[in-house]
Amino acid sequence: MRVLIRGGRVIDPSRGLDAVRDVAIDGGIVRGVAEHVEERGHEVIDATGCIVAPGFIDMHVHLREPGATHKETIATGTAAAVAGGFTAVACMPNTNPAIDTPAVIAEIEQRAAAAGFARVYPVGAITRNREGKEIAPFHELATAGAVAFSDDGSTVMNPRVLRNAALYARDVRGPFISHCLDDELHGDAVMNEGPQSVRLGLLGSPGLAEDIVVARDLLIAADTRKRWHVAHVSTANAVEIVRWARSRGTTVTCEVTPHHLLLGDDLFVDYHARAKVAPPLRGPDDAAALRAAVRDGVIDAFASDHAPHTAEEKAQLLSVAPVGFSGLEIAVGAYAEALPDLPLERFVALLSTNPAKILGVEGGTLATGVRADVTIFAERPWTVDASAFYSKGKNTPFDGRRFTRRVVATVVGGRLAYHVERGIIERLAYA
Ligand SMILES: [Zn+2]
Ligand SMILES: [Zn+2]
């Protein structure tokens with residue numbers, strides 16, 4: 001099948017390209033990006049007035065399958081991904097069973113292929129069943145297709161276990177991804193520790209609970225020479241620690257979520273758990289420091305930490321409701337809202353070229369001969385309506401927010417998977 005993306009402003013950070021171009025696709029492969037491509041039996045996607053970019057990759061999502069399919073399935077999660085402009089996602093291993101055997105990876109890949117929306121790259125566990133005790137079989141997991149390793153959702157609290165794991169995995173491709181929250185300092189906190197938690201009489205988690213683990217993990221990264229990635233940095237100190245580690249030669253990258261850039265711990269006034277997340281939403285100074293860190297290049301990737309739950313689960317008491325909320329379908333709008341002046345080339349790099357590099361996966365470029373994963377977006381105001389999400393998790397603290405940047409179309413492997421006017425396009429409808 002031939003597809004022609006006509007007349008968009010193509011921004012490809014991998015080649016420093018920023019110009020109005022046609023993108024020709026044939027057999028799922030980019031055949032050329034040129035000033036004018038003659039239409040010959042192509043399906044034409046009109047991109048006039050839009051930005052055409054290499055497909056966005058969300059390197060941090062929770063798809064909930066296997067084990068919690070009432071919250072999300074691989075099919076609904078990847079439908080949400082393409083609706084959010086993501087041609088690929090990396091899924092975290094806090095499933096049931098955890099992603100700690102090649103069999104689970106094979107099952108996830110098979111279900112992702114059957115769904116046929118976004119590509120799915122499994123993240124293997126660092127420790128068996130994410131219990132923080134025995135290290136996972138990294139070589140087997142990597143051979144089976146794991147692109148990185150993480151116990152996300154939990155911190156590997158034992159430094160001896162983490163150090164041994166990093167030494168053992170040093171020659172395995174794929175970084176360790178740290179979820180940084182000290183169990184003892186975080187305790188049963190429901191929100192950030194600060195003036196807001198004091199005012200509401202709620203148990204707060206200090207920024208220190210994150211900072212202390214970021215520092216420890218990057219010292220372990222330096223000691224073991226394992227390539228490292230820090231998930232969802234949320235404090236000014238964590239940013240400074242990443243900067244310091246990098247300045248002394250540690251190979252470390254990091255990501256930031258849309259909610260930590262844009263929201264704060266003032267959202268708990270009604271004691272509802274809609275904004276309960278880990279790490280917690282911080283105060284305005286931390287959010288400002290994160291935005292500055294994106295601008296000055298300390299942050300390498302945007303990642304949504306899409307963590308769907310049912311409405312019933314999120315409606316529980318703040319103390320028992322689960323952490324997290326859906327992020328895939330608001331990410332592009334929220335990032336643009338948080339950083340309206342960020343150059344578009346950098347915006348695309350943070351969502352595409354950089355995560356591809358960090359995970360060592362194909363993508364992040366529209367060079368001739370690569371798989372045709374393309375994201376098309378535009379400045380087109382829209383209002384978030386969580387009830388209309390493709391994700392089963394229809395809750396987000398951004399519900400009702402007005403954003404200006406919107407995904408127009410998502411092309412995966414040369415196939416139009418989502419269009420803003422047509423919605424999700426099932427593969428069967430296409431045959
Ligand atoms: Zn996490
Ligand atoms: Zn997560």
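Reckoned from all heavy atoms, side chains included, excluding hydrogens, waters and symmetry mates. Predicted model, so just to flag it, every value in this text is computed and none were measured.
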Could you walk me through whether Ser304 and Glu329 satisfy the side-chain contact (heavy atoms from CB on, under 4.5 Å) test, starting with their C-alpha distance in whole Å, then the side-chain angles of each, then the deciding distance to 0.1 Å, before giving a yes or no? CA-CA 9 Å; Ser304 77; Glu329 290 166 84; over 6 Å; no
Under the ring-ring contact (aromatic ring centres under 6.0 Å, His included) rule, what do Phe325 and Phe398 come out as? Steps first, then yes or no, please. CA-CA 10 Å; Phe325 34 75; Phe398 291 110; 7.3 Å; no
Apply side-chain contact (heavy atoms from CB on, under 4.5 Å) to residues Glu313 and Asn395 and explain how you reach the verdict. CA-CA 10 Å; Glu313 288 167 328; Asn395 45 75; over 6 Å; no
Any chance you could lay out the side-chain contact (heavy atoms from CB on, under 4.5 Å) test for His232 and His60, step after step, and finish with the verdict? CA-CA 9 Å; His232 43 53; His60 188 149; 3.5 Å; yes
Please evaluate residues Asn237 and Thr235 with respect to the criterion side chain to side chain donor-acceptor pair (under 3.5 Å), reporting the C-alpha separation (whole Å), side-chain torsions for both, the decisive distance (0.1 Å), and the verdict. CA-CA 5 Å; Asn237 282 345; Thr235 69; 5.6 Å; no
Could you go through the side-chain contact (heavy atoms from CB on, under 4.5 Å) check for Val30 and Val33 one step at a time? CA-CA 8 Å; Val30 175; Val33 178; 4.3 Å; yes
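Comment: Glu43 does not engage Arg2 in a salt bridge, judged by the lack of any side-chain N to carboxylate O separation of less than 4.0 angstrom. A salt bridge links Asp373 and Arg119; the closest N-O separation between the charged side-chain nitrogens and carboxylate oxygens is under 4.0 Å. A salt bridge between Glu379 and Arg406 is absent, with no side-chain N of the basic residue lying under 4.0 Å from a carboxylate O of the acidic one. Lys392 and Glu72 are not joined by a salt bridge, as no carboxylate oxygen comes within less than 4.0 angstrom of a charged side-chain nitrogen.
Residue pairs meeting the ring pair (Phe, Tyr, Trp, His ring centres under 6.0 Å) criterion with at least one partner in residues 279-316, sequence neighbours excluded, are Phe302-Tyr335. Pairs of residues two or more places apart, or lying in two chains, never qualify as ring pair (Phe, Tyr, Trp, His ring centres under 6.0 Å) while including a residue from residues 265-297. Contacts classified as ring pair (Phe, Tyr, Trp, His ring centres under 6.0 Å) and involving residues 274-299 (residues at least two apart or in different chains) are not found. Applying the side chain to side chain donor-acceptor pair (under 3.5 Å) test to every pair with at least one member in residues 185-202, sequence neighbours left out, gives these pairs: His186-Ser205, Asn192-Asp265, Asn192-Arg282, Gln196-Arg199.
Counting all heavy atoms, side chain and backbone alike, Ala303 lies closest to Met59 at CB-CG, 4.1 Å. Trp382 and Arg405 make their closest contact through NE1-O, 2.8 Å (heavy atoms, listed as atom of the first residue, atom of the second, distance). Contact record, Pro355 with Leu350: CD-O, 3.4 Å, taken as the closest heavy-atom pair.
A donor-acceptor distance shorter than 3.5 angstrom exists from the side chain of Thr155 to the backbone of His179, with no hydrogens or angles considered. For Glu210 (side chain) and Ala238 (main-chain N/O), no donor-acceptor pair under 3.5 Å exists by modelled atom type. For Lys276 (side chain) and Lys314 (main-chain N/O), no donor-acceptor pair under 3.5 Å exists by modelled atom type. Distance alone, capped at 3.5 Å, is enough to place a donor-acceptor pair between the Asp399 side chain and the Ala386 backbone. Judged purely by atom type and a 3.5 angstrom limit, Arg227 has no side-chain atom pairing as donor or acceptor with the backbone of Thr251. Arg401 places no side-chain N or O within 3.5 Å of a backbone atom of Thr383 that could act as its donor or acceptor partner. Thr78 places a side-chain N or O within 3.5 Å of a backbone atom of Ile74 that can act as its donor or acceptor partner. Remark: side-chain polar atoms of Arg130 are not paired, donor with acceptor, to backbone N or O of Ser150 under 3.5 angstrom. With hydrogens and angles ignored, the 3.5 Å screen pairs a side-chain donor or acceptor of Arg415 with a backbone N or O of Ile425. With hydrogens and angles disregarded, no donor-acceptor distance shorter than 3.5 Å links the side chain of Arg21 to the backbone of His36.
By the side-chain contact (heavy atoms from CB on, under 4.5 Å) test, Ile29 is found to be paired with Arg31, residues two or more places apart in sequence or in another chain being considered. Partners of Asp18 by side-chain contact (heavy atoms from CB on, under 4.5 Å), not counting sequence neighbours, listed by chain and number: Arg9, Ile11. The side chain to side chain donor-acceptor pair (under 3.5 Å) check on Arg243 picks up Glu240, with sequence neighbours excluded. By the side chain to side chain donor-acceptor pair (under 3.5 Å) test, Arg246 is found to be paired with Asp300, residues two or more places apart in sequence or in another chain being considered. Partners of Asp211 according to the salt bridge (Lys or Arg N to Asp or Glu O under 4.0 Å) rule, which considers only residues two or more places apart in sequence or in another chain, do not exist here. Annotation: side-chain contact (heavy atoms from CB on, under 4.5 Å) contacts of Glu109 (sequence neighbours excluded): Ile105, Pro122. By the side-chain contact (heavy atoms from CB on, under 4.5 Å) test, Glu39 is found to be paired with Leu4, Arg6, His42, Val44, residues two or more places apart in sequence or in another chain being considered.
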Under 3.5 Å, sequence neighbours excluded: what are the donor-acceptor pairs made by side chains of residues 82-91?
unit_1, atom_1, unit_2, atom_2, d
Thr87, OG1, Phe56, O, 3.3

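No hydrogens or angles considered: a donor-acceptor pair under 3.5 Å links the side chains of Asp305 and His62. For the residue pair Asp12 and Ser14, a side-chain donor N or O sits within less than 3.5 Å of a side-chain acceptor on the partner.
Residue Arg15 qualifies as enclosed at atom CZ: its count of foreign heavy atoms under 6.0 Å is above 12.
The aromatic rings of Phe377 and Phe347 are tilted relative to each other, their planes meeting at an angle between 30° and 60°.
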